[in-house]
Q: 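Below is a structure I'd like to ask you about.
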Amino acid sequence: MTNKTNSILKIIAGAVAAVLLLGILVVLIQINASLKAQDDTQSDTSVATRATDDDVEILNAYDNESANGGTDEPAVTTAAVAAETPEATTTTAATTAEPAATTEASTTQAATTTTAQTTTAATTTAPTTSNATSSSNSNYSSATGDFVMDTSGITDIEIDWHSGSVTVIPYSGTTIQVSETSSSTISSSNVLYYTVNKYGELTINFIKANNFSSAGISKDLTVYIPTSMSLDELSIEATSANIVISDSQGTLSVRDLSVETTSGNSTIKGITATEMSADATSGTISISSCTISTELDIEITSGSATVALPSGTGYTLEYETTSGTVTASGTSLKGEGRITVGTGTLKIDVETTSGNVTITN
């Protein structure tokens, strides 16, 4: 009986174990199925997301092309086509460059034509000269060589001269007459050069600026100025050249007269001026028979100056000397100081480094 009971219990226990194993197996199968379903869902979501992103990029590319007026192709396709056809791009650039070159050539030709026209017009309207080289624009006109010029509109005359002499002669004529002479040949490269600007300033130069071929030549300049002119300024600057301004009749009137020499002498006689100045470096200054109403400035570096004022002219003198002497109406002065002679209406300012200045009246 006992053996039979044990057999039955073993059978029941085996059945129970089988049922438990079957249950565990079923649970495992369900869990596996659930995990697989979850993976499939995530995979589908990822694919769908990528597909959506790709669609957005393609749509954006189409929109960009359409906005730029191109065909409805993705931008990446357009870039690829451009990268695959460099020869076409190069050809386009070359084609573009050719019209630019043509334009430049046309511009150069137009500029040349304009210059030629300007020169022709200037030659027709320029003052009479011995050398037909001239030019002009809206601000000034210029030419070279001897000339005769009407005084209309001329208020200032400025002269810059090197080596030789400058002589200014007031006369009773009606035109400004300028000429130069030399013991050497005056070629086209070392002829005088002059300009007239829109402000009425006549400038006379030894040669044209930056022309160094005239080295070694000495020229004498003569300028005739009508005494009827009312000049605002007459200015002469000379290097290794003498300056002479002489009016025997005393009829030329200038508001501001100035001369400056380096290694040259200056002589001023018979001129009426409101203001006058004379500077000399290694040269002499001589002023006589001049009527100066307001101010006279004298500056000497190494040389001498004599000023002979009209009789009875009163003045106030301010002087400064280094190793020179100033003599005013018989009084010898050194160093720095100020004296008054007579009414003291005229102001005289004298500065000397190693030169002597003598003033008489």
Q: Return the set of residues passing side-chain hydrogen bond (donor to acceptor under 3.5 Å, both in side chains) with N356 (not counting sequence neighbours), or none when no residue passes.
A: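 Listed in chain order: nothing, the list is empty.
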Q: Any chance you could measure T144, atom OG1, to N205, atom CG, to the nearest 0.5 Å?
A: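 Between atom OG1 of T144 and atom CG of N205 there are 12.0 Å.
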Q: Is there side-chain contact between V223 and T167, with heavy atoms separated by less than 4.5 Å?
A: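 No, every pair of side-chain atoms sits at 4.5 Å or beyond.
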Q: Considering residues at least two apart in sequence or located in another chain, which fulfil the side-chain hydrogen bond (donor to acceptor under 3.5 Å, both in side chains) criterion with D220?
A: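 Here the qualifying residues are S165.
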Q: Got a sec, which residues hit side-chain hydrogen bond (donor to acceptor under 3.5 Å, both in side chains) with T281, two or more places apart in sequence or on another chain?
A: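 T281 satisfies side-chain hydrogen bond (donor to acceptor under 3.5 Å, both in side chains) with no residue once adjacent residues are dropped.
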Q: Between L231 and I225, does the side-chain contact (heavy atoms from CB on, under 4.5 Å) criterion hold? Intermediate values first, please.
A: CA-CA 10 Å; L231 281 175; I225 300 178; 4.3 Å; yes
Q: Without swapping roles, check the side chain of S354 against the backbone of T301 for a donor-acceptor pair under 3.5 Å.
A: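 Yes, the answer is positive, given that a donor and an acceptor are paired below the 3.5 Å cut-off.
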Q: Test question: given the 4.5 Å side-chain rule for I, L, V, M, F, W and Y, name all other residues clustered with Y171, or answer none.
A: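 Besides Y171, the hydrophobic cluster comprises I169, Y224, listed by chain and residue number.
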Q: Does any part of the side chain of T360, heavy atoms only, come nearer than 4.5 Å to the side chain of V307, both counted from C-beta?
A: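 No, every pair of side-chain atoms sits at 4.5 Å or beyond.
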Q: Tell me, please, whether F206 has K219 positioned over its six-membered ring: NZ or CZ under 6.0 Å from the ring centre and within 45 degrees of its axis?
A: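 Yes; both conditions hold, so K219 lies above the ring face of F206.
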Q: Using side-chain heavy atoms (C-beta onward) and a distance below 4.5 Å, is I268 in contact with V259?
A: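 Yes, at least one pair of side-chain atoms sits under 4.5 Å.
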Q: How far does CD of E295 sit from OG1 of T316, to the nearest 0.5 angstrom?
A: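 Answer rounded to 0.5 Å: 11.5 Å.
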Q: Can you find a heavy atom in the side chain of L317 that is under 4.5 Å from one in the side chain of V326?
A: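 Yes, at least one pair of side-chain atoms sits under 4.5 Å.
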Q: Side-chain donor-acceptor pair under 3.5 Å between S187 and T185, yes or no?
A: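 Note: S187 and T185 side chains miss the donor-acceptor criterion.
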Q: Got a donor-acceptor contact below 3.5 angstrom from the T327 side chain to the G330 backbone?
A: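 Looks like no, no N/O pair under 3.5 Å.
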Q: Just so I know, are the side chains of L309 and I348 near enough to count as touching, which here means a heavy-atom distance under 4.5 Å?
A: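 A side-chain contact under 4.5 Å exists here.
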Q: Examine V244 and L234 and state if one hydrophobic cluster contains both, with Ile, Leu, Val, Met, Phe, Trp and Tyr joined whenever side-chain heavy atoms are less than 4.5 Å apart.
A: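 No, it is not one cluster - the side chains of V244 and L234 are not joined through contacts under 4.5 Å.
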Q: How far does OG1 of T267 sit from CD1 of I287, to the nearest 0.5 angstrom?
A: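 Reported to 0.5 Å precision, the distance equals 9.5 Å.
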Q: Report the C-alpha separation of I243 and T261 in whole Å, then their side-chain angles, then the decisive distance to 0.1 Å, and conclude whether the side-chain contact (heavy atoms from CB on, under 4.5 Å) test is met.
A: CA-CA 8 Å; I243 300 173; T261 60; 3.5 Å; yes
Q: Of all heavy-atom pairs between I154 and V196, which one has the smallest distance, and what is that distance?
A: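 Shortest heavy-atom separation between I154 and V196 comes out as CD1-CG1, 3.9 Å.
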Q: Tell me the closest heavy-atom pair linking E180 and L192, and the distance in Å.
A: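 Closest approach of E180 to L192, heavy atoms only: OE2-N, 3.0 Å.
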Q: Can you name the side-chain hydrogen bond (donor to acceptor under 3.5 Å, both in side chains) partners of T195, sequence neighbours left out?
A: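 With neighbours one apart ignored, the set is empty.
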Q: Any idea which heavy atoms bring P226 and T151 closest together, and the distance?
A: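 Closest pair (atom of P226, atom of T151, distance): CG-CG2, 3.7 Å.
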Q: To the closest 0.5 Å, what do you measure between CE (M276) and SG (C290)?
A: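 Nearest 0.5 Å value for the CE-SG distance: 4.0 Å.
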Q: Between N361 and T313, is any side-chain donor less than 3.5 angstrom from a side-chain acceptor?
A: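 There is no such pair (donor and acceptor under 3.5 Å, judged by atom type) between the side chains of N361 and T313.
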Q: Just so I know, are the side chains of T222 and V178 near enough to count as touching, which here means a heavy-atom distance under 4.5 Å?
A: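 In short, these two side chains do not touch, never coming nearer than 4.5 Å.
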Q: Would you mind listing every salt bridge (Lys or Arg N to Asp or Glu O under 4.0 Å) that reaches into residues 298-321, with sequence neighbours excluded?
A: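 Those involving residues 298-321 are E318-R338.
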Q: Backbone N or O of S184 within a donor-acceptor pair of the S182 side chain at under 3.5 Å?
A: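 Side chain of S182 to backbone of S184, a donor-acceptor pair under 3.5 Å: yes, one is there.
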Q: Looking at every non-hydrogen atom in both residues, tell me the closest pair between A328 and Y315 and how far apart they are.
A: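 Between these two residues, the closest heavy atoms are CB-OH, 3.6 Å.
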Q: How long is the span from the CG atom in D279 to the CD1 atom in I300, to the nearest 0.5 Å?
A: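 Answer rounded to 0.5 Å: 8.0 Å.
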Q: Can you tell me how far the CG atom of D156 sits from the OG1 atom of T203, to the nearest 0.5 Å?
A: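 The OG1 atom of T203 is 8.5 Å from CG of D156, to the nearest 0.5 Å.
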Q: Please tell me whether K334 and T325 have a donor and an acceptor in their side chains that are separated by less than 3.5 angstrom.
A: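 Looking only at side-chain atoms, T325 and K334 do form a donor-acceptor pair, the distance falling under 3.5 Å.
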Q: Just do the side-chain hydrogen bond (donor to acceptor under 3.5 Å, both in side chains) check on D232 and T155 with the steps written out, would you?
A: CA-CA 6 Å; D232 186 59; T155 59; 5.9 Å; no
Q: Measure the shortest side-chain to side-chain distance between I285 and T306 over non-hydrogen atoms and say whether it is less than 4.5 angstrom.
A: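 Answer no - side chains too far apart.
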Q: I157 vs Y194, test: side-chain contact (heavy atoms from CB on, under 4.5 Å). Steps then yes/no.
A: CA-CA 10 Å; I157 298 177; Y194 69 94; over 6 Å; no
Q: So which heavy atom on P170 is nearest to which on T227, and how close?
A: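 Closest heavy-atom pair between P170 and T227: CB-CG2, 3.7 Å.
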Q: Mind running side-chain contact (heavy atoms from CB on, under 4.5 Å) on M229 and I176 for me, showing each step along the way?
A: CA-CA 10 Å; M229 287 191 71; I176 300 171; 4.0 Å; yes
Q: Is any side-chain heavy atom of I271 less than 4.5 Å from a side-chain heavy atom of L257?
A: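 The answer is yes; the side chains approach within 4.5 Å.
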Q: Keeping the roles fixed (side chain from T321, backbone from G335), state whether a donor-acceptor pair exists under 3.5 Å.
A: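 Checking the backbone N and O of G335 against the side chain of T321, a donor-acceptor pair under 3.5 Å is found.
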Q: Looking at L346 and S293, what are the two nearest heavy atoms and their distance?
A: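 L346 and S293 have their closest heavy atoms at CD1-C, 4.2 Å.
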